[in-house]
Amino acid sequence: MANKITSRSENYSEWYNDLVKAADLAEHSSVRGCMVIKPYGYAIWEKMQAQLDKMFKETGHQNAYFPLLIPKSFLSKEAQHVDGFAKECAVVTHHRLKNSPDGKGVIVDPEAKLEEELIIRPTSETIIWNTYRDWIQSYRDLPLLINQWANVMRWELRTRLFLRTAEFLWQEGHTAHATAEEAIAETKQMLEVYATFAEEFMAIPVIKGVKSENERFAGALDTYCIEAMMQDGKALQAGTSHFLGQNFAKAFDVMFSTKENKQEYVWATSWGVSTRLMGALVMTHSDDDGLVLPPALAPIQVVMVPIYKTDEEYDLIVGKLNDLASALKIAGVTVKVDSDRQKKPGWKFAEWELKGVPVRIALGPRDLEQGNIEMARRDTKEKASLPIEGIVDKIAREVLPSIQSNLHQRALEMRNSRTYRADTYAEFKEILEQKGGFILAHWDGTPETEQKIKEETKATIRCIPLDSPSESGTCIYTGKPSERRVLFAEAY
RNA sequence: CGGGGUGUAGCGCAGCCCGGUAGCGCGCUUCGUUCGGGACGAAGAGGUCGUAGGUUCGAAUCCUGCCACCCCGACCA
């Protein structure tokens, strides 16, 4: 094996790092905490972007772009917001370099100090709401539905490829509305968009819910989220949608005239998903042999490997594969014919498995004689010899959709088998220590109790699931009354 | 921010304890043979040993400072 991957059972975290590098998704850069997203990884991100962008536009949003740099004073206008982000901001203080006196390299020119420092955006609420003040005068300007694809920077003390990097790529939607009801509806709508995207395209089952006060976005009245379970039983927040109330409108003085010509503050939402979704994709489906990609997001859905000995055979077989590839492309399938003559078939099989290509086709003289072709599925590792006749249709209509739904099903079963109900604190702790996973339990609704549980067990409330039925019970920690179970887990 | 680790060829590492002018595997280049699960042979190319200073006739190796990155923990809207 050229690229050896630590097995999941041996060390899940090492497996993840090995896999991200071996599958050529990303690598560490020479900048602390910042990664280089490699072409294959970026291609997956582009597929995600394309789909999400389409869904945003279908729900009436437009893209725009705001500055990377935010004046320091903006950040402090919303008190909770600055509290949440102050500790992880990169700050621009100067605008010029000059040759150092000793002639070795350059230094920051002390004379080029900025009047006001600029913050590299950790998120764009402040710069955007400062801009919205000029864009919104009347109820006729509302709703304002904007999305931005951008990079942001949060000076994280501990980083991990895709899951938590100092700089990451994301989209952030920022909308403005005339009423609270409309803003709340928008918040929920975007949560649905994220959930649909996760389930149908990423094949990741998610739990929709509301964050507790402790976990809420800094400056939001409510944070809605989707939570997914990774293979090690830990939770990963896969997307958030915030109802911001009038907090930012008040901080940035964004008012509009109603039909009755009264001045009112605007209601806001923001919502985002990031390259962290790449980490979720890896940790939901992949195995010890490498990446496993859902067809909907695979940059290459079908790879074809020719088997041959002579030049004549090579020409014949690659020609045949090219024909099949053309037919598949017409059927809407993305294909690569791996016609590299330097690499042997065995090498290619291993390589494309590592990269998670959903379907692999191999064609050799033996198959050709019998009118057959070998097809292998990445999800189940099944290999089958099938008639060439009808193979295009079978792959496009049957196999790829089947892989997509199988991955989702498998992930759902994994999650279900590791979701528990706990009625006592002892039970709760035992599940966390011995099994890990999601725990549905009663909670008294106070931040203090949540904090205590977190300190003692590392588990936090991932969300209050939207679909959790009301059920009276008592808090596992304090014994106080509770009306519904909430979702606890250790989180990434 | 606390603890640990690592910086030597594109990548992964050995050499350091015990100082003598740098080596292995993969990859790369050329040629030939191979090709149904990570082929083989031959010939090549490639290194300011993180950095600054010190000790010494001589430093990748010993000493001191600095820098960077990684891992574990705390933190993480």
Side-chain angles (χ1 to χ4, degrees), chain A residues 1-6 11 13-14 16-18 21-22 24 27-35 75 78 80-89 102 104-105 121-126 152 154-161 163-166 168 170 172 211-220 222-223 225 236-237 239-242 244 270-272 274 276 289-290 305-311 313-314 317-318 338-354 360-370 372-374 376 381 383 385 454-455 458 460 491-492:
Chain A
M1 283 289 274
N3 298 300
K4 205 165 140 254
I5 302 177
T6 307
N11 185 334
S13 155
E14 228 169 275
Y16 175 81
N17 283 331
D18 288 351
K21 286 176 211 155
D24 230 11
E27 64 189 22
H28 290 288
S29 70
S30 43
V31 182
R32 194 206 76 99
C34 296
M35 64 180 164
L75 213 66
E78 212 290 329
Q80 283 179 307
H81 190 67
V82 70
D83 270 358
F85 289 105
K87 281 182 280 185
E88 50 190 33
C89 288
D102 63 8
K104 295 177 188 167
R121 63 183 164 214
T123 179
S124 303
E125 272 79 4
T126 55
V152 288
R154 298 179 188 179
W155 208 265
E156 301 285 355
L157 297 174
R158 174 117 157 74
T159 59
R160 298 199 59 191
L161 292 172
L163 297 174
R164 179 169 286 108
T165 46
F168 56 92
W170 77 344
E172 45 182 328
K211 287 290 187 192
S212 63
E213 194 184 324
N214 281 354
E215 301 278 324
R216 194 179 290 155
F217 176 74
D222 259 323
T223 289
C225 62
L236 185 90
Q237 176 178 298
T240 48
S241 184
H242 315 290
L244 302 173
S270 69
W271 28 274
S274 71
R276 181 177 231 210
D289 295 320
V305 178
I307 315 285
Y308 56 91
K309 283 194 171 63
T310 64
D311 285 353
E313 280 175 354
Y314 177 84
I317 286 164
V318 169
D338 189 352
S339 54
D340 189 339
R341 300 200 66 158
Q342 306 308 313
K343 307 275 194 255
K344 288 179 65 181
W347 192 93
K348 294 177 182 175
F349 292 167
E351 181 66 13
W352 294 114
E353 259 161 33
L354 193 56
R360 186 186 70 232
I361 290 294
L363 184 68
R366 207 165 65 205
D367 301 303
L368 209 50
E369 233 170 72
Q370 300 163 351
N372 284 345
I373 199 160
E374 184 188 87
K381 294 285 185 64
K383 278 202 281 197
S385 190
K454 182 182 178 181
E455 282 162 17
K458 287 164 94 175
T460 49
Y492 271 100

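Proteins come first, then strands; the chains are lettered A, B, ... in the order of their sequence lines, and each starts at number 1. Quick caveat: nothing in here was measured; it's all calculated off a predicted structure.
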When the P atoms of B:G54 and B:A59 are compared, how many Å lie between them, rounded to an integer?
12 Å
Hey, does A:R160 reach any base, or is it just sugar-phosphate, or nothing, if we go heavy atoms under 4.0 Å?
nothing
Identify which nucleotide among B:C70, B:C1, B:C35 has an atom closest to any side-chain atom of A:Y308, counting heavy atoms from C-beta outward.
B:C35
If we call it a pair only when both distances are under 3.5 Å in a Watson-Crick or G-U wobble match, what pairs with B:U51?
B:G65
With a 4.0 Å cut-off, would you call A:K381 and A:D289 a salt bridge?
yes
Taking any heavy-atom pair under 4.0 Å as a contact, classify A:T123: base, sugar-phosphate, or nothing.
nothing
Under 3.5 Å on both distances, the Watson-Crick or G-U partner of B:C40
B:G32
Identify whether any heavy atom of A:E353 sits under 4.0 Å from a base atom; if not, whether one sits that close to sugar-phosphate; answer base, sugar-phosphate or nothing.
base
Write down the distance between CD (A:E88) and C1' (B:C76), rounded to a whole number of angstrom.
6 Å
Rounding to the closest angstrom, what is the interatomic distance between B:A45 and B:U55 at atom C1'?
37 Å
Is A:K383 side chain donor-acceptor paired with the B:G37 base, going by distance under 3.5 Å alone?
yes
Using a 4.0 Å heavy-atom cut-off, does A:P365 contact any base of the nucleic acid, only the sugar-phosphate backbone, or nothing at all?
base
For A:R341, is there an ion pair with A:D311 - N to carboxylate O distance below 4.0 angstrom?
yes
Please report the distance separating the C1' of B:U61 from the corresponding atom of B:A14, rounded so that it comes out in whole Å.
13 Å
Considering only heavy atoms from C-beta outward, does the side chain of A:L354 approach that of A:I5 to under 4.5 Å?
yes
With both distances under 3.5 Å as the test, what is the Watson-Crick or G-U wobble partner of B:C1?
B:G73
Tell me the closest heavy-atom pair linking A:F217 and A:S270, and the distance in Å.
CE2-OG, 4.5 Å
Hey, is the side chain of A:H28 poking within less than 4.0 Å of OP1 or OP2 on B:C69, counting only N and O atoms?
no
Atom CD of A:E156 to atom P of B:G73: distance rounded to whole Å?
15 Å
Evaluate the ring planes of A:Y314 and A:Y308, with Trp represented by its six-membered ring, and classify them as parallel (under 30°), tilted (30 to 60°) or perpendicular (over 60°).
perpendicular
Just checking A:D83: base, sugar-phosphate only, or nothing, at a heavy-atom cut-off of under 4.0 Å?
nothing
If each of A:S13 and A:I307 is mapped to the nucleotide of RNA chain B with the nearest heavy atom, which maps nearer the 5' terminus, i.e. the 5' end?
A:I307
Looking across every strand, which nucleic acid part, if any, lies under 4.0 Å from A:R164 by heavy atom: base, sugar-phosphate, or nothing?
base
When the distance from NZ of A:K348 to C1' of B:C35 is rounded to whole Å, what number comes out?
9 Å
If we take the C1' atom in both B:G4 and B:C57, what is their distance in whole Å?
39 Å
Are more than 12 heavy atoms from other residues, nucleotides or ligands located less than 6.0 Å from atom CD of A:E369?
no
Rounded to whole angstroms, how far apart are OH on A:Y16 and C1' on B:C71?
15 Å
What nucleotide, of B:G36, B:G37, B:C75, holds the atom closest to the side chain of A:L157?
B:C75
Could you check how far CG of A:D338 sits from C1' of B:G38, rounded to whole Å?
13 Å
Nearest nucleotide by nearest heavy atom, which residue falls closer to the 5' end of RNA chain B, A:L368 or A:A491?
A:L368
Nearest-Å distance, CH2 (A:W347) to P (B:C40)?
15 Å
Considering only atom C1', compute the distance from B:G27 to B:C66 and round it to an integer number of Å.
34 Å
Below 4.0 angstrom from OP1 or OP2 of B:G38, is there any side-chain N or O of A:K344?
no
So what does A:K454 hit on the nucleic acid, given a heavy-atom distance under 4.0 Å: a base, only sugar-phosphate, or nothing?
sugar-phosphate
For B:G20 and B:A60, measure between their C1' atoms and round to the nearest Å.
13 Å
Sort out the partner of B:G19 for me: Watson-Crick or G-U wobble, both distances under 3.5 Å, none otherwise.
none
Could you identify the nucleotide paired to B:U56, looking across every strand shown and requiring Watson-Crick or G-U wobble geometry with both distances under 3.5 Å?
none
B:A68 to B:C62 separation - C1' atoms, rounded to the nearest Å
23 Å
Using a heavy-atom cut-off of 4.0 Å across all strands, would you classify A:G219 as base, sugar-phosphate, or nothing?
nothing
Within 45° of the axis and under 6.0 Å from the centre of the six-membered ring of A:F349, does NZ or CZ of A:R360 qualify?
yes
Look at A:K343 and B:G37 and indicate whether a side-chain polar atom (N or O) is within less than 4.0 Å of OP1 or OP2.
no
Between A:E125 and A:H81, is any pair of side-chain heavy atoms under 4.5 Å apart?
yes
Whole-Å gap separating P (B:C26) and CD (A:Q342)
17 Å
Heavy atoms, side chains only, cut-off 4.5 Å: are A:N17 and A:R160 in contact?
yes
What contact category does A:K458 fall into here, base, sugar-phosphate, or nothing, at under 4.0 angstrom with non-hydrogen atoms?
sugar-phosphate
Looking for any heavy atom pair under 4.0 Å, which part of the strands does A:F168 touch: base, sugar-phosphate only, or nothing?
base
Counter-base of B:A9, judged by Watson-Crick or G-U geometry with both distances under 3.5 Å
none
Within the 4.0 Å heavy-atom criterion, would you say A:T159 contacts the bases, only the backbone, or no part of the nucleic acid?
sugar-phosphate
Considering only atom P, compute the distance from B:U48 to B:A9 and round it to an integer number of Å.
9 Å
Distance, rounded to the nearest Å, where A:E215 contributes CD and B:C76 contributes C1'
9 Å
